[in-house]
Protein chains: 2
Amino acid sequence: MATLGDLERTVMDLLWAAPEALTANELRDAIAEAPSGEVGRELAVTTVLTVLSRLEKKGLVERERDSRPHRYRSVTSREDHTAELMHEVLVTAPDREAVLARFIGSVSEAEAETLRKLLGGS
Amino acid sequence: MATLGDLERTVMDLLWAAPEALTANELRDAIAEAPSGEVGRELAVTTVLTVLSRLEKKGLVERERDSRPHRYRSVTSREDHTAELMHEVLVTAPDREAVLARFIGSVSEAEAETLRKLLGGS
DNA sequence: CGAAACTTCTACATGCCGTAGAAGAAGTTC
DNA sequence: GAACTTCTTCTACGGCATGTAGAAGTTTCG
């Protein structure tokens, strides 16, 4: 499974939110002024690069190696990634139907409505 | 989040499968003859006890302290736990509806059918 | 070419997990 | 109740993931 640490998560959040691929420096600055984090985290750029390398190794991030300040982007959207994770969790249980039953009970009415629409056809 | 290691997972699987609370020794034996694992793992009982303590600290397991060989049981069913995990994953994303849309696409037809039934009314 | 920017390598601390011995507590047997 | 057995708790160590970053090597720009 691909479990992320806090900093890794922060970096992914920024990459997912960004419309374009970002450089390590841009990420460093974004983390510093992070509205999500509490204290201003002044990280060294190498720290960010290390995290990005690890995320790349995990297949979550890819980089443009040709453009000189390498630019990093997420491989999948946050939604795809999250949905994939949910599915991975689901299949760990033998009785998936029972899990889904509980799961349905935990979502909001709005979400249930969404599901109904999505499942409508077929 | 409550991410489990391999041994922790094995122990939880056994506790979830057991109809009654188990002692550390029973668990040790069950792990040794584990049909799930590959090689026979002859663990020391203290190892199992340590794992159980950690699981207890995580709130996944509780024990009967009065009965002398303490007996351990899972606090929640595997289905509840799994559904809870799925929900935790879901809420990490801001756009839950988009996540659900992707998620629906990843489940089997049988599971989709189950969901339709569960969502049926209202 | 020389400085500035960037990347890669290497490293260390911390925390979680697998694993278990040593020591202490409790129940069991004559 | 003293010795023996059985359990539990404490402590510990090695490995791996992660946060963090300096040192050294590479590329770019003026």
Side-chain angles (χ1 to χ4, degrees), chain A residues 1-15 20-32 34 36-73 85 88 92, chain B residues 1-15 20-32 34 36-73 85 88 92:
Chain A
M1 179 118 49
T3 300
L4 300 183
D6 289 340
L7 181 49
E8 290 177 328
R9 179 78 205 182
T10 300
V11 169
M12 286 310 298
D13 279 342
L14 289 169
L15 288 179
E20 295 294 323
L22 299 176
T23 67
N25 260 303
E26 289 167 348
L27 277 167
R28 196 203 76 91
D29 294 344
I31 294 169
S36 48
E38 338 65 44
V39 261
R41 314 215 302 165
E42 295 281 331
L43 295 178
V45 181
T46 52
T47 299
V48 178
L49 281 165
T50 301
V51 171
L52 285 168
S53 293
R54 288 172 182 166
L55 289 172
E56 190 184 27
K57 190 176 305 176
K58 291 184 189 178
L60 291 178
V61 158
E62 64 187 5
R63 73 172 99 180
E64 300 169 9
R65 278 203 134 82
D66 41 327
S67 72
R68 230 335 106 153
H70 290 184
R71 294 195 154 267
Y72 300 77
R73 80 164 57 77
L85 261 191
E88 275 178 34
T92 61
Chain B
M1 180 118 48
T3 300
L4 301 182
D6 288 341
L7 181 50
E8 289 176 328
R9 180 76 205 184
T10 300
V11 170
M12 286 310 298
D13 280 342
L14 289 168
L15 288 180
E20 294 295 323
L22 300 176
T23 67
N25 260 304
E26 290 167 347
L27 277 167
R28 196 203 75 91
D29 295 344
I31 294 170
S36 48
E38 339 66 45
V39 260
R41 314 213 302 165
E42 294 281 330
L43 294 179
V45 181
T46 52
T47 300
V48 178
L49 281 165
T50 302
V51 170
L52 285 168
S53 293
R54 288 174 181 164
L55 289 171
E56 189 184 26
K57 191 176 306 178
K58 291 183 190 181
L60 292 178
V61 158
E62 64 188 4
R63 74 171 97 180
E64 299 170 8
R65 278 202 135 83
D66 41 328
S67 72
R68 227 336 102 155
H70 290 184
R71 295 196 154 266
Y72 300 76
R73 79 163 57 78
L85 261 191
E88 276 178 33
T92 61

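Naming convention: chains lettered A, B, ... in sequence-line order (proteins, then strands); numbering from 1 in each chain.
Residue B/Arg65 places at least one side-chain N or O closer than 4.0 Å to OP1 or OP2 of D/dT9. Taking only side-chain nitrogens and oxygens, B/His70 comes nearer than 4.0 Å to OP1 or OP2 of D/dT8. OP1 or OP2 of D/dC7 has not a single side-chain nitrogen or oxygen of B/Arg71 nearer than 4.0 Å. Contact between the side-chain N/O atoms of A/Thr46 and the OP1/OP2 oxygens of D/dG22 is not found at any separation under 4.0 Å. Look at B/Asn25 and you'll find a side-chain N or O under 4.0 angstrom from OP1 or OP2 of D/dC7.
Residue-level contact check: B/Arg9 touches neither bases nor backbone, having no heavy atom under 4.0 Å from any strand. A/Leu49 comes within 4.0 angstrom of a base, heavy atoms only. In this structure, A/Thr50 reaches the bases: a heavy-atom distance under 4.0 Å links it to at least one base atom across the strands shown. The residue B/Leu4 sits apart from the nucleic acid: no heavy atom pair falls under 4.0 Å.
At its two ends the helix from C/dC1-D/dG30 to C/dC30-D/dG1 runs along axes set 0° apart, each axis drawn from five pairs and the angle rounded to 10°.
Across the protein-nucleic acid pair, A/Asp66 atom CG and C/dC6 atom C1' stand 15 Å apart, rounded to whole Å. Per the geometry, CZ belonging to A/Arg68 stands 10 Å off P belonging to D/dC29, to the nearest Å. Atom CD in A/Glu8 sits roughly 9 Å away from atom C1' in D/dG19 (whole-Å rounding).
Taking every heavy atom of residues 54-63 of chain B and every atom of DNA chain D, pairs under 4.0 Å involve B/Arg54, B/Arg63, by number.
Between C/dA20, D/dT9, C/dG18, one nucleotide has an atom nearer to the side chain of B/Leu43 than all others, and that is C/dA20.
A salt bridge is absent between B/Glu20 and B/Arg73: the closest approach of a Lys/Arg side-chain nitrogen to an acidic carboxylate oxygen does not fall below 4.0 angstrom.
By the neighbour-count criterion of 12 heavy atoms within 6.0 Å, atom CG of B/Asp6 is sparsely surrounded, having that number or fewer from other residues, nucleotides or ligands.
Of the possible donor and acceptor atoms, one in the side chain of A/Arg71 sits under 3.5 Å from a partner among the backbone N and O of A/Ala21.
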